Every structure is written in C-alpha cells, then in structure tokens.
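Let me begin by presenting the structure, written as structure tokens, before commenting on it.
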Amino acid sequence: MNSTTMPPLEVDDFTVTLHTPTLSVRPVDGVSYSVQAGEVLAVVGESGSGKTILNMAPLDLLPVGVDAEMKGSVRFEGRDLLNMSTSELEAVRGGGIGVVFQDPLSALNPVRKIGRQLTEGIERHLGLTPTQAENRTAELLTLVGLPDPKSRMQQYPHELSGGQRQRVGIAMGISGEPRVLIADEPTTALDVTVQAQIVELLKDLQKRMGMAIVIITHDFGVVSGLADKVAVMYAGRLSELGSVRDVLIDPAHPYTRGLLQSVPSLTVPMDTKFLGLPGQPPNMAYRIEGCAFAPRCIEARADCHVNRPSLLSVPHSASDRLAACPVIVNQFA
Ligand SMILES: Nc1ncnc2c1ncn2[C@@H]1O[C@H](COP(=O)(O)OP(=O)(O)OP(=O)(O)O)[C@@H](O)[C@H]1O
Ligand SMILES: [Mg+2]
C-alpha cells in the first residue's frame with residue numbers, strides 16, 4: 001500500500017482501560033475503523049459510551065491524572081500513536097492531527113490574547129516567521145467567519161461569545177493544516193444558526209484542504225449534513241459502522257434503531273421497527289459478558305448474553321456496512 005492509498009487514520013482493536021485509585025474501567029473495548037483522506041466519520045452514541053476517550057486517549061489529551069492503559073493500535077499515516085514518544089506525539093498534535101475540543105475554553109489560555117495563542121502554534125507547526133504567522137492567523141480567523149480579525153487577535157477569550165470562541169477553537173484545530181481533524185462536539189451548546197454555519201465551514205475546509213475528519217456528535221442533523229460514514233458506539237464498543245445513508249435510513253443494530261427513535265425529524269421509512277431504549281447502559285467497571293446491549297434489547301436471545309458478537313457484514317447494504325448483531329444481520333440476509 002503506498003502513501004496515497006493508505007488511510008491517514010487506522011484504528012485497530014483499540015482498547016483503553018482507565019485506572020483510578022479505586023477502580024478500573026474500560027471505556028473503549030476493541031474498536032476498529034479507518035478514515036480516508038477527504039472522508040468524514042461521525043462517532044455517535046449515548047453520553048458515557050467512550051467517544052471522547054476513544055479519540056483523545058491516543059493523543060495523550062485526557063485530563064491530567066487519568067492513568068490510561070492502551071492496547072491495539074491507532075496509526076496516523078502508518079505510524080502508531082501508541083508507540084510514539086512524548087515529543088513525537090507533540091509534533092503530531094496540532095501538526096498532522098488537529099483537535100477541536102468540545103469546550104473551546106479548555107483549549108484557550110484565559111489570560112493570553114487570541115492572536116498570540118494562534119500564531120505560536122502556526123509558527124511551530126508550519127515553520128513561519130512571526131509576521132507570516134500573524135498574517136496566516138488573520139486569514140484563518142476570516143476563514144472561520146470572524147470578521148475584523150486584527151482586532152479579534154487583540155482580545156482575550158472571555159471577550160468573545162460562545163459561538164465566536166468555538167470558531168476560534170476550530171481555527172486552532174485547523175491552524176497546523178492537519179491531514180486529520182478530530183472534532184469533539186464542535187457545535188454543542190451553539191444556537192442552531194451558528195451550528196449550521198460551523199457545519200458548512202467544516203465541509204468547506206474539508207473539501208478545500210482534503211482533510212479526514214472525525215466528528216463526535218449527538219446531533220443527527222450534523223451527521224447527515226457533514227459525514228460520509230457513521231460509527232455507533234455503545235458501552236465502549238462499536239455496534240454499527242457504515243455509510244450515513246445505510247445507517248440512518250435503514251439502521252441494522254437494535255441500538256442504532258433505538259438511538260434514532262429519539263430523532264423525530266429524521267426521514268426514515270414508516271415501517272422501520274423502533275425498539276426504544278429501556279434501561280441504562282452497563283457499568284464499564286465490570287467485565288461485560290456477551291453483547292453489551294443485550295440487557296436492553298427486546299431482540300436478544302439467550303446466546304446474546306453469553307457470546308460477544310463480532311462485527312458482521314450486513315447483506316444488501318448500499319455500501320460496506322458492519323453491525324455487531326448476528327440476530328438482525330441474519331434477518332437482512
Ligand atoms: N476521568 C475519568 N476517570 C474515570 N473514568 C472515566 C473518566 N473519564 C471518563 N471515564 C469513563 O469513561 C467512560 C467514557 O467516557 P467518555 O468521556 O469517553 O464518554 P463520551 O461518550 O464522550 O460521553 P459524552 O457524550 O457525555 O461526552 C465514562 O462512562 C466513564 O466510565
Ligand atoms: Mg465526550
């Protein structure tokens with residue numbers, strides 16, 4: 001495989017165990033997927049399903065003090081992030097891989113001007129002079145829809161609105177001209193108009209720069225508007241992975257069906273059988289036998305509580321699609 005066909009991001013049997021003084025939890029359990037250049041993958045799933053840990057742990061971006069044991073591999077352009085030294089990882093973060101945080105304040109230093117925070121990263125990752133980096137910063141702020149960038153650059157984070165800060169966060173994420181952008185709920189807590197503008201902006205950037213994007217979101221409007229593929233997470237495992245068209249229009253996994261039930265505006269066939277989501281996700285501090293969703297699933301058979309389902313190819317899908325549910329996959333056959 002040469003570098004033009006190698007997916008820039010390949011996650012293979014990735015498992016994260018978090019050790020705290022009192023217990024160990026496994027928020028990511030055997031996850032595999034890849035993202036091609038110019039492709040957008042949306043990661044969806046209930047709160048606590050492991051979306052943030054899945055994407056931030058390999059980049060060493062978990063909160064300070066969290067002890068994460070990682071297995072499997074997360075390859076960026078063929079190099080495993082899990083084997084990189086701290087300095088190699090630092091060079092990748094903000095360089096080859098850009099990150100947009102859910103809370104833009106966590107990425108911004110409250111006591112330093114916006115402009116300085118952006119130009120520093122640009123100088124470092126693109127090797128530009130301070131003046132060149134300042135001009136590039138102004139261009140970026142204009143690109144993310146912040147007019148009058150020169151005066152913005154003189155402001156502190158608290159002087160901006162939530163939407164403006166989120167745009168600065170996106171500018172920071174793309175400032176190193178990354179080949180992969182990881183965006184953790186970049187539109188959460190924004191009003192609908194601003195959300196739509198951010199989605200348009202990401203689409204535009206993705207086309208213009210040919211980036212691969214992994215976007216974590218709760219919003220199926222964002223999924224259908226932006227993503228090519230969708231990965232559905234449940235209790236740290238992938239339950240379904242496929243094209244947005246397959247997964248949203250004809251969900252295979254009972255969990256995906258239940259998740260989509262809460263989205264009344266979505267165009268789904270009237271005969272789609274929704275199963276709802278009674279009960280709670282499992283506690284990931286305990287070893288989960290069988291299918292993690294089985295206790296909440298009305299399709300579950302005795303076997304589902306015993307054997308962990310692997311991801312199976314779903315027949316008659318418009319494109320490659322996998323679901324971790326032998327019961328339903330057999331019905332598609
Ligand atoms: N600092 C921590 N210490 C211990 N366990 C943690 C910590 N952070 C997360 N976890 C565990 O990891 C699981 C996954 O967390 P994660 O933040 O990845 O969820 P998420 O899918 O991003 O949720 P949300 O949609 O609410 O952002 C949690 O359910 C929790 O059990
Ligand atoms: Mg999260």
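Counting convention: from 1, in listed order, for ligands and their atoms alike. Given the structure is predicted, the values throughout are model-derived calculations rather than measurements.
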* Structure fact -> Ser49 heavy atoms within 4.0 Å reach ligand 1 at atoms 19 (O), 21 (O)
* With distance as the sole criterion, is a donor-acceptor pair present between the side chains of Ser73 and Arg75 under 3.5 Å? -> yes
* **Protein N/O/S neighbour count - the Mg ion (ligand 2), strictly under 2.8 Å** => 1
* Provide, to 0.1 Å, the distance between atom 3 (N) of ligand 1 and the closest protein heavy atom, together with that atom's residue and name. => Thr20 CG2, 4.0 Å
* Just need the protein heavy atom nearest to atom 21 (O) of ligand 1, so name the residue and atom and give the distance. => Lys51 NZ, 2.8 Å
* To do: Would you mind listing which atoms of ligand 1 come within a distance below 4.0 Å of any non-hydrogen atom of Val25?
  => 5 (N)
* Asked: For ligand 1, does Leu54 get within less than 4.0 Å through its side chain, its backbone, both, or neither, judged by non-hydrogen atoms?
  -> neither
* Asked: So is Glu185 close enough to ligand 1, meaning a heavy atom under 4.0 angstrom away?
  -> yes
* To do: State whether Arg26 and Glu69 are salt-bridged, where the test is any N-O pair (Lys NZ or Arg NE/NH1/NH2 against Asp/Glu carboxylate O) under 4.0 Å.
  => no
* Side-chain ion pair, Arg308 and Asp29, N-O less than 4.0 Å -> yes
* Could an N or O of ligand 1 be found under 3.5 Å from any N or O of Thr52, whether backbone or side chain? -> yes
* Salt bridge Arg208-Asp204, side-chain N to carboxylate O under 4.0 Å -> yes
* For the pair Tyr255 and Tyr234, name the ring-plane relationship: parallel under 30°, tilted 30 to 60°, perpendicular over 60°. => tilted
* To do: Measure the distance from atom 8 (N) of ligand 1 to every protein heavy atom, then report the residue, atom name and distance (to 0.1 Å) of the closest one.
  => Ile53 CD1, 4.0 Å
* **Electrostatic pair Glu289:Arg287 at N-O distance under 4.0 angstrom** => yes
* **NZ/Lys71: more than 12 non-hydrogen atoms of other groups inside 6.0 Å** => no
* Structure fact -> Candidates Leu18, Asp184, Thr217; heavy atom nearest atom 11 (C) of ligand 1 found on Leu18
* Asked: For atom 28 (C) of ligand 1, what's the nearest protein heavy atom and its distance?
  -> Gly48 O, 3.7 Å
* Asked: Are Leu259 and Val44 close enough that some pair of their side-chain heavy atoms sits under 4.5 Å apart?
  -> yes
* To do: Apply the side chain to side chain contact (heavy atoms under 4.5 Å, CB included) test between Ile53 and each candidate in Val28, Leu61, Val66, Val25; give the one that qualifies.
  => Val28
* Salt-bridge criterion met for Arg112 and Glu120 (N-O under 4.0 Å) -> yes
* Asked: For ligand 1, does Val66 get within less than 4.0 Å through its side chain, its backbone, both, or neither, judged by non-hydrogen atoms?
  -> side chain
* With no hydrogens and no angle check, do the side chains of Glu185 and His218 hold a donor and an acceptor under 3.5 Å apart? -> yes
* Contact summary for Leu140 and Ala171, nearest pair of heavy atoms -> CD1-O, 4.0 Å
* **Enumerated ligand 1 atoms positioned under 4.0 Å from heavy atoms of Pro27** => 12 (O), 13 (C), 14 (C)
* Does atom 30 (C) of ligand 1 have a protein heavy-atom neighbour under 4.0 Å away? -> no
* Any His218 heavy atom less than 4.0 Å from ligand 1 -> yes
* To do: Answer yes or no: is there an ion pair linking Arg79 with Glu10, defined by an N-O contact shorter than 4.0 Å?
  => no
* Answer yes or no: is there an ion pair linking Arg296 with Glu46, defined by an N-O contact shorter than 4.0 Å? => yes
* Structure fact -> Looking only at non-hydrogen atoms, the one of Gly50, Ser24, Ser47 nearest atom 19 (O) of ligand 1 is Gly50
* **Backbone or side-chain N or O of Met284 under 3.5 Å from ligand 1 N or O** => no
